[in-house]
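Data first, discussion second: the structure below is written as structure tokens.
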Amino acid sequence: MTKSFLEVDGLSKVYPDGLGGELTVFEDIRFALEKGEFVCIVGHSGCGKSTILNVLAGLDEASAGNVVMNGKEVKGPGLERGVVFQNYSLLPWKTALNNIVFAVQARWPKWSKEKVKEHSERYLKMVGLDHALNRKPSQLSGGMRQRVSIARAFATQPELLLLDEPFGALDALTRGVIQDELVKIWEETRQTVFMITHDVDEAILLSDRIFLMSNGPNARIAESVKVDIPHPRARATIFQNPAYHKTRDYLVDFLVNRSGSALPEKDGSPKVAEPAKGVAQPEPATAQSETESETAARAVNA
Amino acid sequence: MASLNVRAALLSVSFLVLALGLWEMATQPPEADAAMTEYERLMGGADQESRVPPPSEVIKLAWAELSNPFYDAGANDKGIGIQLAYSVYRVLTGYLAAMAVALPIGFLIGMSPLMYKALNPYIQVLRPISPLAWMPLALFIIQDSDASAIFVIFICSIWPMLLNTAFGVANVREDWVNVARTHELSPVKTALTVILPAAAPTILTGMRISIGIAWLVIVAAEMLVGGTGIGYYVWNEWNNLDLASVIFSILMIGVVGMLLDLALGKAQKLVEYKE
Ligand SMILES: Nc1ncnc2c1ncn2[C@@H]1O[C@H](COP(=O)(O)OP(=O)(O)O)[C@@H](O)[C@H]1O
Ligand SMILES: [Mg+2]
């Protein structure tokens, strides 16, 4: 068996329950990510998604289990893993540009000032903020702040990007616009992304696979759902794809009816589900119409 | 309608005129000779001299003093500028020394709960001690009145800076520290580029409180040690029964204190940030 880019093996998190006993938030979390994949994790509030992400980031420690990235165990935070937090986490005394400059300098300490600045500006441009370079975060709207935060994470070109409900605090309109921007910047960079969301549509729009987490305590990653919709995707047209509805129904059914009792495979790995398997894709005339080959081609590219 | 500032200024000036007018009227010299008792005549009109001087007299004196603030005519007769300069010099020396100690220690106990717990009992006992209570010990150990005054300033400036630095550092948002961690900043770089700017407004608040206290204390300290300085000057003029000079120097203490506070206020503005 070949090693994956990221391997998560038997993670669990235990807290004292305040009554002298123990509370296991989640246990035996196992999954693997391949390079270039975009994976979302969906689950009810409190099941431990943020904790898992923070363990991957190296900001939190698991009670058991380990995380191996590129064959090296993850111990503590590092520049090869970039994080976007829900509350943006921009340094408020720095301008938008300098928030990115700060990160780029940390990533490439040997770069000249001009190169750092040019690189930073390029990423701010990618999220459409070239007009707001010199504004402080307090002078930016929530959506603009989150764009800066995303630009910062992409600008350092980490091998793995971790996003914790990045659009959770934004209104629906703004969220849509920034989702499109995230799609665009991801199509350009093909970074490996692990993202938490509670928005099923957002997960389908962005992901190659969606992890479904059962409810805590003792939460597990029960299923891994393939999203058989070809890239590039767009928010405005994705719902015309029949695979979209199949996938959406499957996810909603899990969250509403099955998240309390769902279990992974016996070996602890998530059950693989392909709700849209065999659904005909409305392809452009030149492309092959078969989903399988589309997926295969993408795997080769990655 | 005039702007708020203009109206406030007009009102301020009218209050001043009113207060000075009342003061002037209340301190008119008594009617000449007629009102003098025999006793007063015998005393050479001393009572007339020891009344509170009217503002006109204080202003006249202020004009004379301020037009030549740096004259030096011997130990007991120096210009107000020289006296204030001595006091400011002592305050700034003690204050800078306190900064050099308080900021690093504040950082340390703000970053380390262990150090905080270990040092907190001492801080709590030392902090409420009146700075002047240290004076005899300082004089005995240091054997130099000037240095003792500076030491007293040092000891009274240290606490607000120390506690505010510790508080500011300990309460830096965890998100910002996490930003430093995920970007693999070294501890020194984290301290300088994330924690210091994040805590700077709180630290500056402590520094502003400290400079205010230091300026309050220097007057009392100089009254004790004597020699030079605005505190000594006030006391000396009181001994000379020159109340106009006493009032004038009180006003100057206020003005210099305000300028010191203004300077720190400006510095505070520089490091402020909005979240
Ligand atoms: N310090 C703690 N002590 C006890 N329980 C905690 C602590 N921190 C988090 N938890 C619990 O861990 C669970 C997972 O939290 P989190 O990872 O934030 O969930 P999610 O992101 O999925 O909403 C929550 O149910 C929370 O109550
Ligand atoms: Mg969460």
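Atom set for the values below is all heavy atoms of this structure, side chains included, hydrogens, waters and symmetry mates excluded.
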Should the heavy atoms of other residues, nucleotides or ligands under 6.0 Å from [atom1] of [X] be counted, would the total exceed 12?
{"X": "Glu61(A)", "atom1": "CD", "value": "no"}
{"X": "Glu174(B)", "atom1": "CD", "value": "no"}
{"X": "Phe5(A)", "atom1": "CZ", "value": "yes"}
{"X": "Tyr116(B)", "atom1": "OH", "value": "no"}
{"X": "Glu118(A)", "atom1": "CD", "value": "no"}
{"X": "Lys117(A)", "atom1": "NZ", "value": "no"}
{"X": "Tyr86(B)", "atom1": "OH", "value": "no"}

- Query: Where on Val271(B) is there a heavy atom nearer than 4.5 Å to chain A: the side chain, the backbone, both, or neither?
  - Reply: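 Neither part.
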- Query: Quick one: what part of Ala200(B) sits under 4.5 Å from any heavy atom of chain A, side chain, backbone, both or neither?
  - Reply: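 Contact with chain A is absent: no heavy atom of Ala200(B) under 4.5 Å.
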- Query: Who wins among Gly78(A), Gly82(A), Gly58(A), Ala57(A) for the most heavy-atom pairs under 4.5 Å with chain B?
  - Reply: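 Among Gly78(A), Gly82(A), Gly58(A), Ala57(A), the one with the most close pairs to chain B is Gly78(A).
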- Query: Can you tell which of Ala103(A), Pro137(A), Pro92(A) has the highest number of heavy-atom pairs within less than 4.5 Å of chain B?
  - Reply: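 Highest number of heavy-atom pairs under 4.5 Å: Pro92(A).
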Let me confirm one number: the [atom1]-[atom2] distance from [X] to [Y], rounded to the nearest 0.5 Å.
{"X": "Trp93(A)", "Y": "Lys274(B)", "atom1": "CH2", "atom2": "NZ", "answer": "16.0 Å"}
{"X": "His183(B)", "Y": "Leu79(A)", "atom1": "NE2", "atom2": "CG", "answer": "6.5 Å"}
{"X": "Thr193(B)", "Y": "Lys94(A)", "atom1": "OG1", "atom2": "NZ", "answer": "6.5 Å"}
{"X": "Thr182(B)", "Y": "Leu162(A)", "atom1": "OG1", "atom2": "CG", "answer": "10.0 Å"}

- Report yes if the side chains of Asp175(B) and Asn87(A) come closer than 4.5 Å at any heavy-atom pair, otherwise no.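 Asp175(B) reaches Asn87(A) side chain to side chain.
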- Which atoms of Tyr88(A) approach chain B - backbone, side chain, both or neither, heavy atom under 4.5 Å: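 No part of Tyr88(A) comes within 4.5 Å of chain B.
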- Message: So does Leu90(A) get a backbone contact from the side chain of Trp176(B), meaning a donor-acceptor N/O pair under 3.5 Å?
- Response: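 Side chain of Trp176(B) to backbone of Leu90(A), a donor-acceptor pair under 3.5 Å: yes, one is there.
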